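A short write-up of the structure that comes next.
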Amino acid sequence: MDWVQKIRNCFEVDLVYYTQHAKFELQNEEFGRIIENEIYEAICNAEVIEEYPTDEPYPSVLVYGRTKTNRPVHLVCAYNGEEDETIIITVYEPDPKLWSDFKTRRKK
């Protein structure tokens with residue numbers, strides 16, 4: 001499944017929904033508020049870094065992308081194939097102390 005393309009397509013036709021958790025994270029991100037336009041910018045150049053195919057009720061992925069201002073963003077997105085819609089589960093700016101190159105988890 002080409003996750004990123006499916007997610008991008010949902011953004012193009014406004015079939016993207018945010019969980020309460022994602023809305024909270026947007027407002028309260030420790031590195032500064034994330035606005036919805038930044039999410040779209042990050043999706044436009046995103047890559048999947050982890051897949052969670054057994055997540056319920058829909059499979060999900062962790063994607064990494066950068067905004068036009070080069071801000072790194074992680075999103076956990078689920079895709080509902082029946083309705084052809086994306087659900088943003090959480091969104092955050094990855095902490096460089098926890099991620100090397102923002103794509104690989106650092107070992108503890």
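Values reported hereafter were calculated over all heavy atoms of this structure, with side chains retained and with hydrogens, waters and symmetry mates removed. The structure presented is a predicted model; accordingly, all values stated were derived computationally and were not measured.
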I'd like to know whether Phe31 forms a side-chain contact (heavy atoms from CB on, under 4.5 Å) with Asp95, so could you lay out the CA-CA distance, the side-chain angles of the two residues, the decisive distance to 0.1 Å, and finally the verdict.
CA-CA 9 Å; Phe31 296 110; Asp95 186 336; 4.0 Å; yes
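- Both Val16 and Ile34 belong to a single network of hydrophobic side chains, linked directly or stepwise wherever heavy atoms of I, L, V, M, F, W or Y lie under 4.5 Å apart.
- In summary, the side chains of His74 and Tyr64 do not present any donor paired with an acceptor at a separation below 3.5 Å, with no hydrogens or angles considered.
- Using a 4.5 Å heavy-atom threshold, the side chains of Tyr52 and Leu62 count as touching.
- With a 4.5 Å cut-off on side-chain heavy atoms, Leu15 and Thr86 do not count as touching.
- Using cut-offs of 30° and 60° on the angle between ring planes, the pair Phe11 and Tyr40 is tilted.
- Remark: side-chain polar atoms of Glu83 are not paired, donor with acceptor, to backbone N or O of Glu85 under 3.5 angstrom.
- Side-chain contact between Val4 and Val48: present, with at least one pair of heavy atoms (C-beta onward) separated by less than 4.5 Å.
- Taking 4.5 Å as the limit, every side-chain heavy atom of Glu82 sits out of range of all side-chain heavy atoms of Tyr58.
- Between Asn45 and Arg66 the shortest heavy-atom distance is ND2-O, 2.6 Å.
- The one candidate from Asp84, Val61, Ile87 that meets the side chain to side chain contact (heavy atoms under 4.5 Å, CB included) condition with Tyr79 is Asp84.
- In terms of the side chain to side chain donor-acceptor pair (under 3.5 Å) criterion, residue partners of Arg71 (sequence neighbours excluded) are, by chain and number, Glu38, Glu93.
- For Ser60 (side chain) and Ala78 (main-chain N/O), no donor-acceptor pair under 3.5 Å exists by modelled atom type.
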Checking Ile39 against Val91 for the side-chain contact (heavy atoms from CB on, under 4.5 Å) test, could you report, in this order, the C-alpha distance in whole Å, the side-chain angles of both residues, the deciding distance, and whether it holds?
CA-CA 8 Å; Ile39 294 171; Val91 56; 4.1 Å; yes
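- Of the possible donor and acceptor atoms, none in the side chain of Arg105 sits under 3.5 Å from a partner among the backbone N and O of Ser100.
- Residues Val73 and Thr67 meet the side-chain proximity criterion, which asks for heavy atoms closer than 4.5 Å.
- Partners of Glu36 under the side chain to side chain donor-acceptor pair (under 3.5 Å) rule, at least two apart in sequence or in another chain, do not exist in this structure.
- For the pair Leu75/Ile43, a side-chain contact is recorded, criterion being any heavy-atom separation below 4.5 Å from C-beta on.
- Nearest heavy atoms, Pro59 versus Pro53: CB-O, 3.7 Å.
- Evaluation of the salt bridge (charged side-chain N to carboxylate O under 4.0 Å, His left out) test over residues 52-62, restricted to residues two or more places apart or in two chains, returns none.
- Contact record, Tyr18 with Lys23: O-CE, 3.7 Å, taken as the closest heavy-atom pair.
- Around atom CZ of Phe24, no more than 12 heavy atoms belonging to other residues, nucleotides or ligands sit under 6.0 Å away.
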